[in-house]
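All values below come from the heavy atoms of this structure, side chains included, with hydrogens, waters and symmetry mates left out. The shown structure was predicted, so the numbers you read here are calculated from the model rather than taken from an experiment.
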Amino acid sequence: SRSDNRQWSQELRLQSDFEGRFNFSIGANYLDFKSQDDYYVFNNLFTFLAEYYYNNAVGLPSNQGRQKLLCTPQATKECVYVDPTSIDKLAGDGHNYFRSKNVIHTRSWAIFGEAYWDILPDMRLTAGLRGDSYHFSTTAKDPAFLDGSATAQLASPKLGAAWTLLPQVELYANWGRGFHSNDSRGI
């Protein structure tokens, strides 16, 4: 297996520190992530299974015997490509082994803000909002399968209240909406 990953990110933030009852935090961030993951499994049994069972064309007349499905973008079902070149000329496209190749590019931008208000000496409220924009794209070894991109914009609000009963005891309640954004399935 091998993986080539590159990432660049930046965050800017402005935080207030006023003497009064109100403070805030605002900011923005950016992420650009690129990855190419190659996973190889060498096994002659896998080649046999791919060629004679998985890549079997269906729906043809039975008098033609077993027909091999060609792995082309026009194929009617997903197939496993087995490279016919010899092992000494291995190009990474599959020969007596399985290869999973995934190229991924993720870009995201976000702006956020949070306000803190001390409504009483022992009680404070917090309100925040975050806006995200994501663009995901992936390219599989065979463009006919698992290729695509997704773009989405999301808003994530939050509210909170805290009440200090004693210097060591604080009661609080929080509400918020969010998401997990490791890939396009999370948005």
**Request:** Look up atom CG in Asn23 and atom OG in Ser16, then write down how far apart they are to the nearest 0.5 Å.
**Result:**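 One gets 3.5 Å once the value is rounded to the nearest 0.5 Å.
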**Message:** Using 0.5 Å steps for rounding, measure from the CZ atom of Arg6 to the CG atom of Asp32.
**Reply:**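 That separation rounds to 11.5 Å.
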Let me check something: do [X] and [Y] share a hydrophobic cluster, defined by ILVMFWY side-chain heavy atoms less than 4.5 Å apart, either directly or through other members?
X      : Y      : answer
Leu171 : Leu125 : yes
Leu165 : Met123 : yes
Leu129 : Trp117 : no

**Prompt:** Between Gly160 and Asn174, what is the shortest heavy-atom contact and its length?
**Reply:**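 Closest approach of Gly160 to Asn174, heavy atoms only: CA-OD1, 3.3 Å.
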**Asked** Can you tell me if CD1 on Ile111 sees more than 12 non-hydrogen neighbours from other groups inside 6.0 Å?
**Response**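 For Ile111, atom CD1 is not crowded (no more than 12 foreign heavy atoms under 6.0 Å).
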Answer whether the closest heavy-atom distance between the side chains of [X] and [Y] falls below 4.5 Å.
X      : Y      : answer
Thr126 : Glu114 : yes
Asn5   : Asp37  : yes
Gln36  : Ser3   : no
Tyr116 : Arg21  : no
Thr151 : Tyr134 : no
Gln153 : Asp132 : no

**Asked** Between Lys34 and Arg107, does a side chain to side chain contact (heavy atoms under 4.5 Å, CB included) hold up when you go through it step by step?
**Response** CA-CA 9 Å; Lys34 296 176 184 177; Arg107 285 189 314 265; over 6 Å; no
Please answer whether the main-chain N or O of [Y] pairs with a side-chain N or O of [X] as donor and acceptor at a distance below 3.5 Å.
X      : Y      : value
Thr106 : Phe136 : no
Asn29  : Gln10  : no
Arg177 : Ser156 : no

**Request:** Share the residues that join Phe22 in a hydrophobic cluster, the rule being Ile, Leu, Val, Met, Phe, Trp or Tyr side chains under 4.5 Å apart at the heavy-atom level.
**Result:**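 Joined to Phe22, directly or through intermediates: Leu14, Phe18, Phe24, Ile26.
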**Message:** Please give the remaining members of the hydrophobic cluster of Tyr30, linking ILVMFWY side chains under 4.5 Å, ordered by chain and number.
**Reply:**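 Once heavy-atom contacts under 4.5 Å are chained together, Tyr30 belongs with Trp8, Trp109.
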**Distance-only side-chain donor-acceptor flag, Ser137 / His105, under 3.5 Å** =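 Ser137 vs His105: no donor-acceptor pair found between side chains.
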**Request:** In sequence, state the C-alpha distance, the side-chain angles, and the governing distance for Gln15 and Ser25, and then conclude on side-chain hydrogen bond (donor to acceptor under 3.5 Å, both in side chains).
**Result:** CA-CA 4 Å; Gln15 178 88 35; Ser25 174; 3.2 Å; yes
